[in-house]
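Presented below is the structure to which this report refers.
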Amino acid sequence: MVTDPGAYAGGVIEFRIDRRSGVATYIQIVHQAKQAMRLGLLNPGDRLPTAREVVEATAVNPNTVLKAYRELEREGLVEARRGLGTFVTKSLANDATNRGAPLRQELADWMGRAVHAGLGVDDVDALYVDVREERYPIGEPRS
Amino acid sequence: MSTPALCAAGLSKHFGRVRALDDCTFDLPEGRVIALVGPNGAGKSTLLSLASGLIRPTAGSISVHGTPVRGRMHPDVAYLAQNRPLYPDFTVREVIQAVGAMNERWSQPRVEEVLDMLAGVDRDAKVRALSAGARTQVAIALALGRLPKVLLLDEPLSDLDPLARDETLRIVMTEVADRGTTVLMSSHLLSDLSEVCDHLLLVVEGQVRLNGDVEDVLAEHRVLVGPRDDESAVSGVVVSASRAERQATLLVRGADPVPAGWVADRPDLESLVVGYLRAARERAAARR
């Protein structure tokens, strides 16, 4: 049997909790789940990691994980099935944001050139934020 | 509404003239991870000892899942005392045998499971030879071997390095995920507590000052910054204050609406608790 090196016992994604961010842990989990859905890493039918799996990976309180999942359920994105786990029911991925999208590929090419030119991560972030703020001025509605 | 995990009614414990706990009445919800905080000598350890049944109250009562605690270890409770008494010359295996023989309800597989977590603990090592982290793991394994519904932890993290602290919390959180155990945990390490606790019990001078869901408690409080000569405009209860020549910074409970000229911010758990502790210290100093 061939084992997929990318497969985790804990499910398709893993949450990273930043203790010092000042953002409540359950909100971080909600954001990361949505981000994974937008990127097409989590799709309808996929199971979210169980509270136990998240606890083993990050030592957060399982009640916090369940609170995040209830929030996702309230937003109609996932569904808890008793005894089975919590499953994604809605897709947030679209052709513009999924991993194979042309825009993403162009950005990846651009960042490859930045690495080649010897730019550090701060330089890249500064460039990206600068251009983004030109195109998406703060205070205007985003969608 | 389910039965509370822990229910205290008029609970008091006096040591001579010292009132360690005085007429405390509160419920703690089931399945939560509860931070027990308060200044030194506020009655935290007394409360944990009363809940475990190791000491008897002077007045009032305490019950666990509806059955009163009566001067002996309650069957649904496991208690990890601050000094974690383990026989230093015994091996881990011998300690487990000794403690297992003393308990009516005892799950050897659960003990083994907890000892195998993380790096695992050598069963043939003498207790005195174990690291502080491994000793804590043994003590927690023994506590969880009782298959408790309520786990009481008195300063479980105080003498641990950051890695052992993280791993200890991981074991406890896994227990909560697996068995829905209620955890009542005292600690001075507020940053650790704020990561894992979802409920707050604040005890000051033998009395319960706050008892509630962490998010709810935080939402009830505001940090207000504004002109010092205009404090009368602030509604709600001022918990603590620091004042410069012109500016006042107030921790306020129930400050709605925010008065004109003041800036409001939500406190985090650490600054909220520190505000209450500072106020308690100032009251104590004023009495001297």
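Distance alone, capped at 3.5 Å, places no donor-acceptor pair between the Ser63(B) side chain and the Gly66(B) backbone. Remark: the backbone N or O of Val37(B) is not paired with any side-chain donor or acceptor of His188(B) at under 3.5 angstrom. Although no hydrogens or angles enter the test, the distance criterion places no donor-acceptor pair under 3.5 Å between the side chain of Arg253(B) and the main chain of Glu220(B).
Residues Leu153(B) and Val172(B) meet the side-chain proximity criterion, which asks for heavy atoms closer than 4.5 Å. Here the side chains of Phe15(A) and Pro49(A) are in contact, with some heavy-atom distance below 4.5 Å. Annotation: side chain of Tyr79(B) is in contact with side chain of Leu48(B) (closest heavy-atom distance under 4.5 Å).
Each of Ala57(A), Ala24(A), Ala51(A) has some count of heavy-atom pairs under 4.5 Å with chain B, and the biggest count is that of Ala57(A).
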Show me the donor-acceptor pairs under 3.5 Å between chain B and chain A.
| residue | atom | partner | partner atom | Å |
| --- | --- | --- | --- | --- |
| Gly31(B) | O | Asn63(A) | ND2 | 2.9 |
| Arg170(B) | NH1 | Glu56(A) | O | 2.7 |
| Asp178(B) | OD1 | Arg52(A) | NH1 | 2.7 |
| Asp178(B) | OD2 | Arg52(A) | NH1 | 2.3 |
| Glu195(B) | OE1 | Arg19(A) | NE | 3.4 |
| Val196(B) | O | Asn61(A) | ND2 | 2.6 |
| Asp198(B) | OD2 | Asn61(A) | ND2 | 2.6 |
| Asp198(B) | OD2 | Asn63(A) | ND2 | 2.8 |

